[in-house]
Each structure stands twice: as structure tokens, then as C-alpha cells.
Amino acid sequence: MVTILKWLTIFLVIARAYGECSLRNLEVRQYDTGKALKGYQEYAVSIFNKCSELCVQSNVKLNCTGFQTVEKVEPSILRVSGDVCVVNNGLPITSDATTNFRYAWSNSFNFNPISSQINCYKP
Ligand SMILES: *[C@@H]1O[C@H](CO)[C@@H](O)[C@H](O)[C@H]1NC(C)=O
């Protein structure tokens, strides 16, 4: 078991180094800020591109079906367009930068990634 895990780890490290990258590497994390806004709970969201530094993800779209907020979200960071949200105006999310925004509603919302365009620079 330990050996299998060791090989799996080595494989994953190599896969990462070679720029394996997919939508699954886009991570949306959020936490309750503990603050209330107009009586609604505030949440802070961070979007990470967990691919290797050689890969960027652009035109990132999240499923925003039913998303509501009383806190204004800067559209250049998260533009709500019907049931879809466009992140960063469609500009690339690199592995070293985080995209952050806050919203406020009665419950947290699951922002599930729908699609992105992946570009890897081959060294
Ligand atoms: C978005 O989320 C809604 C509600 O959870 C779901 O019904 C729908 O299929 C999702 N759309 C996509 C494109 O994943």
C-alpha cells in the first residue's frame, strides 16, 4: 500500500511538472467572514488554478444558477450572466494569483466550474 502511494505521488508530481491540467484543477474555496451585511451572512470566495505554473485557465465559467447576493460583486471579477458567471472578465487565471470576491446571502452558494480554456506553455 505504501509503495503504491509512493508511486502514485511520484506519478502525480511528474504529471504536474508536465503541465497536466484540467477544469478539476480549478478550486473554489470559501469561508464565512463572520460579518453580516444588511442582515445577510458574508462569504469570502477564492478561486485558485492548481495546475502547474506552466498552465493558465482562461474564460473560466462557473455555474451561477440561483446565485443571489446583497453585496455588490465587482463584475470584472465575477460577472453574472444568466445562469453562468464569468470570472476575471475571461482573462487568464495563473497558478500564482488568486481571484477573490465577497458576497452576502442567507446561505453559502456552491460555485461549480462549468468550463475553462486551458493553455500550457511547453518549455
Ligand atoms: C447548474 O446548476 C444547476 C442547479 O444546481 C443544475 O441544475 C444545472 O444542471 C447546472 N448546469 C450546468 C451547466 O452544470
Side-chain angles (χ1 to χ4, degrees):
M1 190 60 192
V2 172
T3 316
I4 292 171
L5 281 178
K6 198 186 272 175
W7 281 107
L8 190 66
T9 307
I10 291 169
F11 170 76
L12 287 175
V13 167
I14 292 171
R16 220 176 113 87
Y18 279 87
E20 286 292 317
C21 181
S22 79
L23 188 61
R24 277 184 316 209
N25 299 113
L26 197 81
E27 203 173 293
V28 183
R29 277 192 233 154
Q30 59 183 314
Y31 67 91
D32 185 324
T33 65
K35 285 189 216 152
L37 213 107
K38 297 172 189 164
Y40 291 91
Q41 181 54 55
E42 186 188 56
Y43 298 92
V45 185
S46 298
I47 302 170
F48 301 90
N49 171 11
K50 307 285 272 184
C51 292
S52 90
E53 60 281 358
L54 300 173
C55 300
V56 300
Q57 299 208 37
S58 41
N59 287 319
V60 173
K61 294 192 172 99
L62 307 176
N63 191 340
C64 275
T65 307
F67 173 59
Q68 284 175 289
T69 177
V70 290
E71 180 167 355
K72 187 177 160 35
V73 180
E74 185 53 53
S76 63
I77 299 173
L78 189 83
R79 192 174 71 244
V80 184
S81 167
D83 288 345
V84 172
C85 282
V86 178
V87 180
N88 246 357
N89 260 339
L91 295 171
I93 300 177
T94 57
S95 62
D96 57 358
T98 315
T99 302
N100 300 300
F101 67 90
R102 289 171 174 224
Y103 70 99
W105 196 243
S106 30
N107 46 279
S108 65
F109 182 84
N110 280 333
F111 296 92
N112 291 318
I114 297 173
S115 63
S116 74
Q117 186 190 320
I118 292 164
N119 287 97
C120 295
Y121 301 101
K122 299 281 183 250

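Predicted model only: the values in this text are computed from it and were never measured. Start at 1 and go down the list; that is how both ligands and their atoms are numbered. Positions are given from 1 along the sequence.
A side-chain donor from one of Q30 and Y103 sits under 3.5 Å from a side-chain acceptor of the other.
F111 and F67 have their aromatic ring centers within a separation under 6.0 angstrom.
Sorted by first then second residue, the disulfide bond (SG atoms under 2.5 Å apart) pairs that include residues 72-105, not counting sequence neighbours, are C64-C85.
Here the side chain of T69 pairs a donor or acceptor atom with the backbone of A104 at under 3.5 angstrom.
Counting only heavy atoms, the protein gets under 4.0 Å from atom 11 (N) of ligand 1. Protein heavy atoms are found less than 4.0 angstrom from atom 2 (O) of ligand 1. Put simply, atom 14 (O) of ligand 1 has protein non-hydrogen atoms near it, under 4.0 Å away.
What sits closest to atom 5 (O) of ligand 1 on the protein, heavy atoms only, is N63 ND2, 4.8 Å.
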